[in-house]
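Everything on this sheet refers to the single structure shown next.
Letters A, B, ... mirror the listed sequences (proteins, then strands); counts begin at 1.
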Number of protein chains: 2
Amino acid sequence: MNLENTKAQMRKGVLEFCILSILSEEEAYVSDIINKMKEAKLIVVEGTLYPLLNRLKNDGVLEYRWEESKSGPPRKYYKITPLGKAMLDELMVSWNELIASVNSIITI
Amino acid sequence: MNLENTKAQMRKGVLEFCILSILSEEEAYVSDIINKMKEAKLIVVEGTLYPLLNRLKNDGVLEYRWEESKSGPPRKYYKITPLGKAMLDELMVSWNELIASVNSIITI
DNA sequence: TTCACTACTTTGTATTGCAAGGTACTAAAA
DNA sequence: TTTTAGTACCTTGCAATACAAAGTAGTGAA
């Protein structure tokens, strides 16, 4: 048995979807995102997030701006692009379809 | 944008959960599983399934028996073990928690 | 100038889904 | 008998990616 592993797989599956969703509400930098995910009981760490955000930026679904901070180095604030919004809309559909699919399996 | 990729990630996340769920209902061999997943609109292929079933067997959550076939080589029929049932129960909880988590994020 | 804190970045590893190709069994066709 | 078709199981190699861990660099206080 490897419960934690399988649970982690589930969590990973919705990672991008959740991050796009968070950034569709308001700008955020990495620590903000980690905290918001944590509030929703979804643990995610720096080493995961930086490459992921970069990937999403390269895909054109996110963009960022630098902002000075009073307590340390400047921060990269990410926000969603119109293309990202479109993708989020489609992922919302996919997420609901996935729930329906899983539901149809577990209620045989 | 890389929608198909992200959708695939979501699907992967629930793969083990769905397979355990299917095998908790009745024995099945690989083609059965592929077909049942397809009915639920979840595509999965041989190359994914064989290593996965083996992994789950090694974890003690699945077991199998051979059965002769009239139309070809013998088939490996998999079914869930008591340990697998226990895991499935926990995954069911995790799945519902994940839905709640994602829900709390997308309805900010 | 040293330390603590914060933030961004990179490297290395392990997992794993999947395409593609391989082996082997049965039975029917040539 | 040999070939072909169909079915089923298995393996190899690759690419994606989450994550731990270590690195770089900015600010301000001790």
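Within the 3.5 Å criterion, the main-chain N or O of Pro74(B) finds no donor-acceptor partner in the side chain of Ser69(B).
Going from atom CG of Asn54(A) over to atom P of dA18(D) covers 13 Å, rounded to whole Å. When rounded to the nearest whole Å, the span between OH of Tyr77(B) and P of dT7(D) equals 14 Å. Atom CG in Leu53(A) sits about 11 Å away from atom P in dA18(D), given to the nearest Å. Atom CG of Leu49(B) is separated from atom P of dA8(D) by 13 Å (rounded to the nearest Å). The nearest whole Å value for the distance from the CE atom in Met37(A) to the C1' atom in dA18(D) is 12 Å. Counting to the nearest Å, the P atom of dA16(D) and the CG atom of Leu15(A) are 18 Å from each other. Atom P of nucleotide dC9(D) and atom CZ of Arg55(B) are separated by 17 Å, given to the nearest angstrom.
To the nearest 0.5 Å, atoms NZ (Lys36(B)) and CG (Leu42(B)) are separated by 14.0 Å. Of the inter-residue distances, the one linking Ile105(B) atom CD1 with Cys18(A) atom SG reads 4.0 Å to the nearest 0.5 angstrom. Atom CE in Met87(B) sits 9.0 Å away from atom CG in Leu62(B) (nearest 0.5 Å). Atoms CG and CD1, on Leu88(A) and Ile19(A) in that order, are 12.0 Å from each other to the nearest 0.5 Å.
With dC9(D), dT17(D), dA8(D) as the choices, the nucleotide that has an atom nearest any side-chain atom of Glu16(A) turns out to be dT17(D).
Taking 4.5 Å as the limit, every side-chain heavy atom of Val14(B) sits out of range of all side-chain heavy atoms of Met10(B). Residues Leu23(B) and Ile33(B) have side chains in contact (heavy-atom distance under 4.5 Å, counting atoms from C-beta outward).
Between Arg75(B) and Val45(A), the one whose closest nucleotide on DNA chain D sits nearer the 5' end is Arg75(B). Nucleotides of DNA chain D nearest to Tyr29(B) and Pro51(B) differ in position, and the one nearer the 5' end is that of Tyr29(B).
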Side-chain donor-acceptor pairs under 3.5 Å in residues 44-54 of chain B, sequence neighbours left out?
residue	atom	partner	partner atom	Å
Asn54(B)	OD1	Lys57(B)	NZ	3.4

Give the table of side-chain donor-acceptor pairs shorter than 3.5 Å for residues 89-99 of chain B, with sequence neighbours excluded, one pair per line with atom names and distance.
residue	atom	partner	partner atom	Å
Ser94(B)	OG	Glu90(B)	O	3.1
Asn96(B)	ND2	Met92(B)	O	3.1

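For Tyr50(B), no side-chain nitrogen or oxygen approaches OP1 or OP2 of dT11(D) to under 4.0 Å.
Residues from residues 88-100 of chain A that place a heavy atom under 4.0 Å from any atom of DNA chain D: there are none. Contacts with DNA chain C (heavy atom under 4.0 Å) in residues 4-13 of chain A: Asn5(A), Gln9(A), listed by number.
With sequence neighbours excluded, the residues that form a side-chain contact (heavy atoms from CB on, under 4.5 Å) with Lys38(A) are Ile34(A), Asn35(A), Ile43(A). Remark: Lys7(B) engages Glu4(B) in a salt bridge (Lys or Arg N to Asp or Glu O under 4.0 Å) (not counting sequence neighbours). In this view, Glu39(B) satisfies the side-chain hydrogen bond (donor to acceptor under 3.5 Å, both in side chains) rule with no residue, not counting sequence neighbours.
Within the structure, side chain to side chain donor-acceptor pair (under 3.5 Å) contacts touching residues 9-20 of chain A (residues at least two apart or in different chains) are Glu16(A)-Arg55(A), Glu16(A)-Thr6(B). Residue pairs satisfying the salt bridge (charged side-chain N to carboxylate O under 4.0 Å, His left out) criterion with at least one member in residues 62-80 of chain B, sequence neighbours excluded, are listed as follows: Glu27(B)-Arg65(B), Arg65(B)-Glu67(B).
The shortest heavy-atom contact between Ala40(B) and Ser101(A) is O-OG, 2.7 Å.
Between the axis at the start and the axis at the end of the helix from dT1(C)-dA30(D) to dA30(C)-dT1(D) there is an angle of 30°, using five pairs per end and rounding to 10 degrees.
Ring centroids of Tyr77(A) and Tyr29(A) are separated by less than 6.0 Å, placing the two rings close together.
Along DNA chain C, the stretch of nucleotides lying under 4.0 Å from any heavy atom of chain A spans, 5' to 3', dT6(C) to dG17(C).
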The contact string for nucleotides 21-30 of chain D, one letter per nucleotide 5' to 3', using protein heavy atoms under 4.0 Å with B, S and - for base, sugar-phosphate only and none, comes out as B---BBSS--
